[in-house]
**Student:** 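Pasting a structure below so you can have a look.
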Amino acid sequence: MNPLETVRRRVGDTIFSRVAGDEGPARRDRIHLSEGPRRFAPDSAICRVHADASMFVGGIRALLLQSMHPLAMAAVDAHSGFRGDPWGRLQRTSTFLAETTFGTIEDADRAVAVVRAVHERVRGTAPDGRAYVASDPHLIRWVHVAEIDSFLRAHDRYGARPLDAAGRDAYVAETAHIARALGAVDVPETVAELQQVLSDYRPELEGTPAARRAARFILIHPPVPLTLRAPYGLLSAAAVAMMPRWTRWPLRLPYLPLVEATAVRTSGVVITEGIRWAMGSGPPTRG
């Protein structure tokens with residue numbers, strides 16, 4: 001193995017271990033190599049988006065945008081352990097995305113059942129006095145649309161092979177299956193419907209103290225080792241640059257349009273291409 005390949009493997013293994021955990025390689029082989037029918041074809045829009053390095057940017061944006069709903073944020077703040085065990089939460093989320101996108105139908109349905117059972121137990125009262133339960137279809141739909149909007153926008157900007165208009169609609173429709181399986185209703189199936197649903201949520205959204213604490217944790221005090229602080233900073237800057245303008249002040253996010261359109265966008269391309277190189281050509285394929 002030449003020195004460059006050695007470096008690539010080492011960097012790729014470091015990134016993968018952070019995202020997937022110590023059991024990541026075994027989970028990856030189980031998800032991608034198990035025999036059985038899949039819900040989505042390898043060349044489907046959802047597989048293209050969820051296999052791309054742009055997901056790293058999209059994931060950060062999704063967390064920031066999701067935090068704008070006070071009830072969803074209250075549930076995360078009280079129950080998810082995102083500050084006490086941030087890597088554990090990331091690893092569970094990445095495993096769920098992989099299982100429901102690339103896994104067998106049996107494994108995907110099992111993963112959904114586990115999450116639904118957890119949602120039933122997550123309930124409480126938000127600081128404003130309103131009760132919440134994570135299984136609320138309205139909250140599940142909010143988490144879903146904030147997530148897929150973020151993944152799709154990141155893929156549009158930083159993906160290796162951005163989707164055309166039909167592919168973007170196909171991505172929204174394919175991800176809708178997972179949202180409905182989790183309990184969401186009236187799930188969008190086109191980009192136009194996605195944008196309308198996001199707009200409909202606007203009156204409910206605000207930057208609560210919990211949301212601002214989450215943003216500071218994600219952007220300023222991230223749980224990453226010193227060796228990864230610089231690349232993580234590039235990813236988070238790219239994510240913030242894609243946040244809607246109306247979210248900036250409520251979450252106390254910077255708004256520097258000229259810098260975001262030039263230096264931040266360029267650095268976002270560099271870091272996603274670097275991750276893509278380090279992680280290799282993609283997931284293993286079944287023989």
Side-chain angles (χ1 to χ4, degrees), residues 18 56-94 96 115 118-151 153-154 182-184 197-224 228-229 232-257 259-260 264:
R18 284 289 172 177
F56 286 85
V57 177
I60 297 173
R61 183 188 188 269
L63 292 175
L64 293 171
L65 187 57
Q66 287 167 352
S67 76
M68 290 290 294
H69 196 292
L71 297 185
M73 187 62 239
V76 169
D77 197 40
H79 298 275
S80 79
F82 76 96
R83 283 192 295 268
D85 182 25
W87 291 114
R89 181 170 185 251
L90 173 62
Q91 290 154 14
R92 291 188 292 274
T93 300
S94 66
F96 177 79
V115 172
V118 171
H119 282 173
E120 288 295 336
R121 299 193 298 269
V122 174
R123 57 185 66 229
T125 304
D128 62 10
R130 288 183 292 169
Y132 65 80
V133 57
S135 59
D136 179 353
H138 188 70
L139 290 183
I140 294 173
R141 185 174 69 156
W142 164 251
V143 170
H144 169 72
V145 296
E147 184 175 85
I148 66 167
D149 181 67
S150 296
F151 293 161
R153 286 178 184 274
L182 287 171
V197 171
L198 286 166
S199 178
D200 291 344
Y201 274 96
R202 276 287 301 276
E204 302 176 37
L205 308 181
E206 60 180 287
T208 63
R212 290 193 288 271
R213 286 195 301 270
R216 286 195 299 272
F217 179 78
I218 293 167
L219 301 175
I220 301 174
H221 306 293
V224 298
L228 296 179
R229 282 294 177 94
Y232 181 87
L234 298 179
L235 289 172
S236 60
V240 169
M242 291 194 303
M243 288 290 286
R245 183 174 179 179
W246 57 266
T247 67
R248 302 301 183 94
W249 173 246
L251 292 179
R252 305 300 189 263
L253 302 176
Y255 180 60
L256 303 168
V259 175
E260 291 173 3
V264 171

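Excluded from the calculations below are hydrogen atoms, water molecules and symmetry mates; all remaining heavy atoms, backbone and side chain alike, are included. Since we're looking at a predicted model, the values are computed, not measured.
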**Student:** Give a yes or no answer on whether the side chain of Q66 reaches the backbone of A146 with a donor-acceptor pair at less than 3.5 Å.
**Tutor:** no
**Student:** Check whether any side-chain heavy atom of L253 sits under 4.5 Å from a side-chain heavy atom of L219, and report yes or no.
**Tutor:** yes
**Student:** What is the minimum heavy-atom distance between V240 and P254, and which atoms define it?
**Tutor:** CG1-O, 4.1 Å
**Student:** What closest approach, in Å, do T208 and M73 show between heavy atoms, and which atom pair accounts for it?
**Tutor:** OG1-CG, 4.2 Å
**Student:** How far apart are the closest heavy atoms of S150 and L65, and which atoms are they?
**Tutor:** OG-CD2, 4.3 Å
**Student:** Quick one: pull up CD1 in I60 and CD1 in I218 and give me the separation to the nearest 0.5 Å.
**Tutor:** 8.0 Å
**Student:** Is it the case that atom CZ in R229 sees more than 12 heavy atoms from other parts of the structure closer than 6.0 Å?
**Tutor:** yes
**Student:** Tell me if a side-chain donor or acceptor on R216 pairs with a main-chain N or O of H221 at a distance below 3.5 Å.
**Tutor:** no
**Student:** Before we go on, tell me: are the rings of H138 and Y132 under 6.0 Å apart, centre to centre?
**Tutor:** no
**Student:** Between R202 and S199, is there a donor-acceptor pair closer than 3.5 Å when you use the side chain of the first and the backbone of the second?
**Tutor:** no
**Student:** Quick one: OG on S135 to CD1 on I140, what's the gap to the nearest 0.5 Å?
**Tutor:** 6.0 Å
**Student:** Where does the angle between the aromatic ring planes of Y201 and H69 fall among parallel (under 30°), tilted (30 to 60°) and perpendicular (over 60°)?
**Tutor:** perpendicular
**Student:** Quick one: are Y255 and T247 in side-chain contact, heavy atoms under 4.5 Å?
**Tutor:** no
**Student:** Is there side-chain contact between E206 and P250, with heavy atoms separated by less than 4.5 Å?
**Tutor:**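 Not touching, per the 4.5 Å side-chain cut-off.
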**Student:** How long is the span from the CZ atom in R212 to the CZ atom in R252, to the nearest 0.5 Å?
**Tutor:** 4.5 Å
**Student:** Do R213 and D77 have side-chain heavy atoms sitting under 4.5 Å apart?
**Tutor:** yes
**Student:** When rounded to the nearest 0.5 angstrom, what is the spacing between NE2 in H144 and CG in D149?
**Tutor:**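 If I round to the nearest 0.5 Å, the distance is 10.5 Å.
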**Student:** On a heavy-atom basis, which atom in A126 and which in A74 lie closest, and how many Å separate them?
**Tutor:**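 Smallest heavy-atom distance, with atoms named: CB-CB, 3.8 Å.
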**Student:** Supply the atom-to-atom distance L64 CG to M243 CE, rounded to the nearest 0.5 angstrom.
**Tutor:** 5.0 Å
**Student:** Do the side chain of W142 and the main chain of A72 share a donor and acceptor less than 3.5 angstrom apart?
**Tutor:** no
**Student:** Side chain of R130, backbone of T125: donor and acceptor closer than 3.5 Å?
**Tutor:** no
**Student:** Is there a side chain to side chain contact (heavy atoms under 4.5 Å, CB included) between L234 and F56? Walk through the geometry before answering.
**Tutor:** CA-CA 11 Å; L234 298 179; F56 286 85; over 6 Å; no
**Student:** Take R248 and E260, measure what salt bridge (charged side-chain N to carboxylate O under 4.0 Å, His left out) needs, and give me the verdict at the end.
**Tutor:** CA-CA 13 Å; R248 302 301 183 94; E260 291 173 3; 2.8 Å; yes
**Student:** What's the spacing between S236 OG and I220 CD1 if we round to 0.5 Å?
**Tutor:** 9.5 Å
**Student:** Does CH2 in W246 sit with more than 12 non-hydrogen atoms of other residues, nucleotides or ligands closer than 6.0 Å?
**Tutor:** yes
**Student:** Looking at L251 and A215, what are the two nearest heavy atoms and their distance?
**Tutor:** O-CB, 4.2 Å
**Student:** Answer yes or no: is there a side-chain heavy-atom contact under 4.5 Å between V133 and V122?
**Tutor:** no
